[in-house]
Amino acid sequence: MDNNQYNHNQNQGSTAGSDNPGGNGDGFYSYGSQSAGSSDYGNQFSGGSYGNQTGQTQPYTAQPYQNQTWQNQTYANQTYQNTAYQQPVKEKKKREKKPGGFGVKLAKCAALALVFGLVSGIVFEGVHLASGAIFGESSAQGADSVLTKSDSDGGIKATATSNTYAAADVSDIVDAVMPSIVAITNVSETEYQSFWGSQIYENTSCGSGIIVSQDASNLYIATNNHVVSGANSLTVTFADNTTASAAVKGTDPSTDLAVVSVSMDGISEETKGNIKVATLGTSDNLKVGQASIAIGNALGYGQSVTTGCISALNREVSVSDSSSRTAYTAELIQTDAAINPGNSGGALLNALGEVIGINSVKYSDTDVEGIGYAIPIDTAMPIIEDLITKEKVDESQSAYLGVSGVDVSDDVSQTYNMPMGVYVAQVVGGSAAEQAGIRKGDIITKFDGREVSGMQELSDRLQYYAAGTTVDVVIMRASDGEYVETTISVTLGRKN
């Protein structure tokens, strides 16, 4: 685990750059009502000291170096110019010309030089051959060959070069996938306590989604739970800029996944021809270094594209979300493709244009650059399918477990060394929980194979089960100072 806390809802107020603005403090994803145009960066340097620096009239213009004594040093008339070694001029005598003058001497010198060159070349080559036989061959590239040498007898092979390099142009992939990506606008209400009492404010936040399925009645869009959390109304914007109302089909806060549905009756025929259902790939065979492409509604400005690579796999990341009071630890894909606020719920693609992950969180820190995370698609698919296919049971037939509990958040878990989940504070007498053997003090961590992070999530989960359904409940029970995992089969009772 990397010991870094990634909080979807840091208390940062209404900051541009998060999915849940207006004081909820979603440090990664919320969007407030501030405008980038009002930033103080605009006139930051207009009156700064850069305007008239002292470099214009520096004292160096009159430094004493201009008239140093070096100009008139004694070196100018040193005796090296006219030394005492001059000899008196003697009268030249006329020399008589003799037979075989300068031309003959020049020819003799050339002949001697040729003979000397041939002899020295033969000697040099002989020495080279002899040294090679004694000490072994060497070359100017010897250092390189030593650095890249791999002795096959030693069992260590040299690295191979790649011939699968792909060009940086991903426009064809984007053109193919963009019709399956949507922007999601969440309008919610937040209650604040002030000097004048309780006040309610309307918040608007933005995120992304992926069209993953469609039937005769609805279009289904996968996204993050924190994108739709607390929504009073949801609006989906398609790739052709048309909009439609959406409803939450199901959520799974423990994995930060959700599905929203759009009625097919609310989509025009033209838009139906412009949108597509995304092709889902696999994340199980990903390799570090493979290309990755992120598409989403960054900063709420509309769909945009960033590229990078798979930086790491199976990164254990602890995330807490104060809006839904959930905390969970997940194994995520790490990528350096920029995951900006608003990209939440958007697609992480491979070089084939297949969805390999659902963008979820960004590590935001002044000391960190290029670390974003996505939920692996192989982890998300069974949960998304479950959210699409499961229908809420009529209230008269809804199931009842029979416990009241307290959330064991990440902070509580670390402080008291307890497993995360639902601490059972009370078991109702004669309920399904008591009959199955669940006790006060147990911590429920999984319900029907899926992790449970809080009491509200457990209650929401029960809405999809009818009375009489048998499910497995995983609990952690204290024994000799340690928590021991136990799986209990529970036949759910009737709520009313």
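In what follows, residues are counted from 1 in the order of the sequence shown.
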So, does S208 use its side chain to make a donor-acceptor pair with the main chain of G342 at under 3.5 Å? yes
Taking the side chain from E434 and the backbone from G430, do they hold a donor-acceptor pair closer than 3.5 Å? yes
Could you tell me if E451 and T445 have a donor-acceptor pair between their side chains, going purely by distance under 3.5 Å? no
S409 and D407: side chain donor to acceptor below 3.5 Å: no
Distance col, row S304:OG vs M178:CE, nearest 0.5 angstrom, shows 7.5 Å
Do the charged groups of D448 and R461 touch, with an N to O distance under 4.0 Å? no
Of all heavy-atom pairs linking N297 and A183, the shortest is ND2-CB, 3.5 Å
Donor-acceptor check, side chain of D336 to backbone of C309, threshold 3.5 angstrom: yes or no? yes
Quick check against the 3.5 Å criterion: does E457 have a side-chain atom that pairs as donor or acceptor with the backbone of D252? no
Validation row: V228, T223 side chains within 4.5 angstrom (heavy atoms): yes
Checking the side chain of N359 only, and the main-chain atoms of G345 only, is there a donor and an acceptor separated by less than 3.5 Å? no
CE-CE distance between M420 and M476, expressed to the nearest 0.5 angstrom: 12.5 Å
Check whether any side-chain heavy atom of V408 lies under 4.5 Å from a side-chain heavy atom of V422, and answer yes or no. no
E269 side, atom CD; N274 side, atom CG - distance, nearest 0.5 Å: 11.5 Å
With the threshold set at 4.0 Å, does a side-chain nitrogen-carboxylate oxygen contact exist between D472 and K446? no
Classify the side-chain pair S188/N232 by whether it contains a donor and acceptor separated by less than 3.5 Å. no
Is it the case that over 12 heavy atoms from other parts of the model lie below 6.0 angstrom from the CG atom of N417? no
Scan side-chain atoms only and decide if Q214 and N218 contain a donor-acceptor pair under the 3.5 Å cut-off. no
Check whether the side chains of S292 and T335 place a donor and an acceptor atom closer than 3.5 Å, and report yes or no. yes
If only side-chain N and O atoms count, and only distance matters, is there a donor-acceptor pair under 3.5 Å linking T237 with T243? no
Do N225 side-chain atoms and A258 backbone N/O form a donor-acceptor pair below 3.5 Å? no
In plain terms, say whether K249 and E391 are close enough for a salt bridge, that is, a side-chain N and a carboxylate O under 4.0 Å apart. yes
Side-chain donor-acceptor pair under 3.5 Å between Q397 and D394, yes or no? no
Going by atom types only, do T271 and D240 share a side-chain donor-acceptor pair under 3.5 Å? yes
Is the side chain of E354 donor-acceptor paired with the backbone N or O of N350 at a distance under 3.5 Å, no angle test? no
Between Y201 and Q199, is any side-chain donor less than 3.5 angstrom from a side-chain acceptor? yes
Would the F447 and Y465 ring centres measure less than 6.0 Å apart? yes
Can you confirm whether the side chains of T282 and N285 place a donor and an acceptor under 3.5 Å from each other? no
Is it the case that the side chain of S229 and the backbone of H226 share a donor-acceptor pair, with hydrogens and angles ignored and the cut-off at 3.5 Å? no
Among side-chain atoms of D386 and Y464, is any donor-acceptor pair under 3.5 angstrom? no
D256 side-chain N/O to P253 backbone N/O, donor-acceptor pair under 3.5 Å: no
Around K440, counting heavy atoms of other residues, nucleotides and ligands shown, do more than 12 lie under 6.0 Å from its NZ? no
Taking all non-hydrogen atoms of both residues into account, name the closest pair between A231 and L234 and its distance. CB-CD2, 3.7 Å
